[in-house]
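First the structure, in the form of structure tokens, and then the observations on it.
Both backbone and side-chain heavy atoms feed into the values below; hydrogens, waters and symmetry mates do not.
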There are 2 protein chains.
Amino acid sequence: MVSVGTVPGPIQSIERAAAMLRLLARGSGEYGLAEVAASLGLPKGTAHGILRTLQRVAFVEQDEETGRYRLGAALLHLGTSYLDANELRSRSLNWADALAARSGQEVRIGVHHDGAVLVVHHVFRPDDTMQTLGIGAMLPLHATAFGKVLLAYDADLSAATRRRELTSLTRRTIVTPQSLERVLTQVRAAGWANDAEEYLPGEASIAAPIRAPGGLVVGAIGISGSVDRICDSASRAKPALVSQVASAAEAISRALSD
Amino acid sequence: MVSVGTVPGPIQSIERAAAMLRLLARGSGEYGLAEVAASLGLPKGTAHGILRTLQRVAFVEQDEETGRYRLGAALLHLGTSYLDANELRSRSLNWADALAARSGQEVRIGVHHDGAVLVVHHVFRPDDTMQTLGIGAMLPLHATAFGKVLLAYDADLSAATRRRELTSLTRRTIVTPQSLERVLTQVRAAGWANDAEEYLPGEASIAAPIRAPGGLVVGAIGISGSVDRICDSASRAKPALVSQVASAAEAISRALSD
DNA sequence: CGTCACCGTTCGACATTGTCGACCGCACCC
DNA sequence: GGGTGCGGTCGACAATGTCGAACGGTGACG
């Protein structure tokens, strides 16, 4: 955005660099210079200058054989440092472990980031099955219990989400703004949210809000597992599990007040 | 670096932004504007412009109450995306899980990044004890088995490390360049490295090199645990464990050739 | 209660830098 | 052999990022 003289707006080259990193975080994760330039609507010379600098600070790496670019190692350290400094997460660790032990399910904690749920903590199911690390994953708002909790207590986010097209992920995904609003009303009444095969077939979740002092919802904690373990035969969340999740959320909320 | 006309060097504002993010990854993880400016030798107006832009792209957050800055949520997603695209890690996952099951110890995979070992994969010990996620952590090169492996097969890195002061972390840490060089010669001869209470008191590790096609060492895989489980009474690595680590490293190296 | 110091923030002049078109060598394909 | 598209370089110059000066706010101190 340009006007007479410089408007004290954002620094263009930093915004472009950030857009480049976000691009490289998508899809195959590996792009040629021409693809990066085309995707961002930049001349190749411009894109190359930015990539060269990002490479120099290790935010980007270039494959020596193919010349294609991908995200660099420095970002892992920064991402982890963000986690380490995340107070919500650090104050939730013990409660999350306890919830996993008690419920026998995997536990995650998520916050709102960029129109999705960003997982900031993940405790594996307490069994020997092979599991993949969920930290850093982005989950859809409308199709997960975590997302419904965040939507229920954020009017702006909720309005923005309803304006956007709700993607159908399974045959049970909520895809109309009206249905979503009805469900969010129920979430606010109940104080917790559930999803049953709306995000992944065969899988269900229960989540509850984590509140900062003053009541603002800053995140959600929840459990996930196979639908027959989380829900009864009518796809309703099992009351015992709901109670455990709600207790953990309340305990974390109290911990944030100290 | 400035000369007549613009030298096709790095873009200053992107380098400054990266330095700012690295600063925020250190220490308390939270800095005021004046501290950031002072730390990087920049005028406050300059630092503010960069922080405002980093905040706008969610790479930085500002505490509403104190006005202090910290790393932002977008970095977690980028860090995780780097991991997801990391071929060394994706090809190592199964072998790492198998090594943890077989050895009964925690397993990590590390690569060289910015003069340290960056942990790109971590499998918890197969037991119920509370453990903290090691992915993204930076480990010292001279005081860990992982680091010694990386140093042993990288002459430039080794020379650079010996020029730097070797920090004493425990009373067993190697602190002279001569001792380090002697140890690295042994590592090359043996094909694996060991540390015994050189990094953390009471803890030991064994690591072996992961090689890309052509033989270049691109990472190290290793186990860690209490020193009495990893070593015999003379602080020597137990041969059965060494064999397991070496086998896993060789298997991963072969997987990288496919 | 008034003063002081330092904070984060804003603004605009202007010097410097980042932009980007033109061109390059290379690799691949027909 | 010619055509196409790649990553990359270079330098003119327009646009931007820099940064000094000033601001209001806040907390500490006497």
TODO: Heavy atoms only: give me the nearest Leu256(A)-Ile210(A) pair and the separation to one decimal.
DONE: CD1-CG2, 3.7 Å
Open item on the list: Starting the side chain at C-beta, find the nucleotide from dG18(C), dC7(C), dT9(D) nearest to Arg52(A).
Closed with: dT9(D)
Task: Touch class at under 4.0 angstrom, heavy-atom based, for Gly45(B) against every strand present - done: base
TODO: Select base, sugar-phosphate, or nothing to describe what Leu33(B) touches, counting heavy atoms under 4.0 Å on all strands.
DONE: base
Open item on the list: Quick check: on DNA chain D, is the nucleotide nearest Pro43(B) upstream (toward 5') of the one nearest Arg68(A), or the reverse? Name the residue that is more 5'.
Closed with: Arg68(A)
Task: Along DNA chain D (nearest heavy atom to each residue), the more 5'-positioned of Ser13(A) and Gln62(A) - done: Gln62(A)
Give a yes/no answer on whether the side chain of [X] brings an N or O atom under 4.0 Å of OP1 or OP2 in [N].
X        : N       : result
Tyr69(B) : dT9(C)  : yes
Gln12(A) : dT19(C) : yes
Thr46(B) : dT18(D) : no
Arg16(B) : dT17(C) : no
His48(A) : dG8(D)  : yes

Open item on the list: With a 3.5 Å cut-off and heavy atoms only, can you find an N or O donor on one side and an acceptor on the other between the side chain of Lys44(B) and the base of dG8(C)?
Closed with: yes
- [ ] Determine, for Arg188(B) against Glu181(B), whether the closest basic-nitrogen to carboxylate-oxygen distance falls under 4.0 angstrom.
- [x] yes
Task: Sidechain N-carboxylate O distance under 4.0 Å for Glu35(B), Arg68(B) - done: yes
TODO: Using atom CG of Asp63(B) as one end and atom C1' of dC7(C) as the other, report the distance to the nearest whole Å.
DONE: 14 Å
Open item on the list: What is the separation between atom CD1 on Ile50(A) and atom C1' on dG8(D), rounded to the nearest whole Å?
Closed with: 15 Å
Open item on the list: Quick one, Thr80(B) and Met138(A) - any side-chain contact, counting heavy atoms below 4.5 Å?
Closed with: no
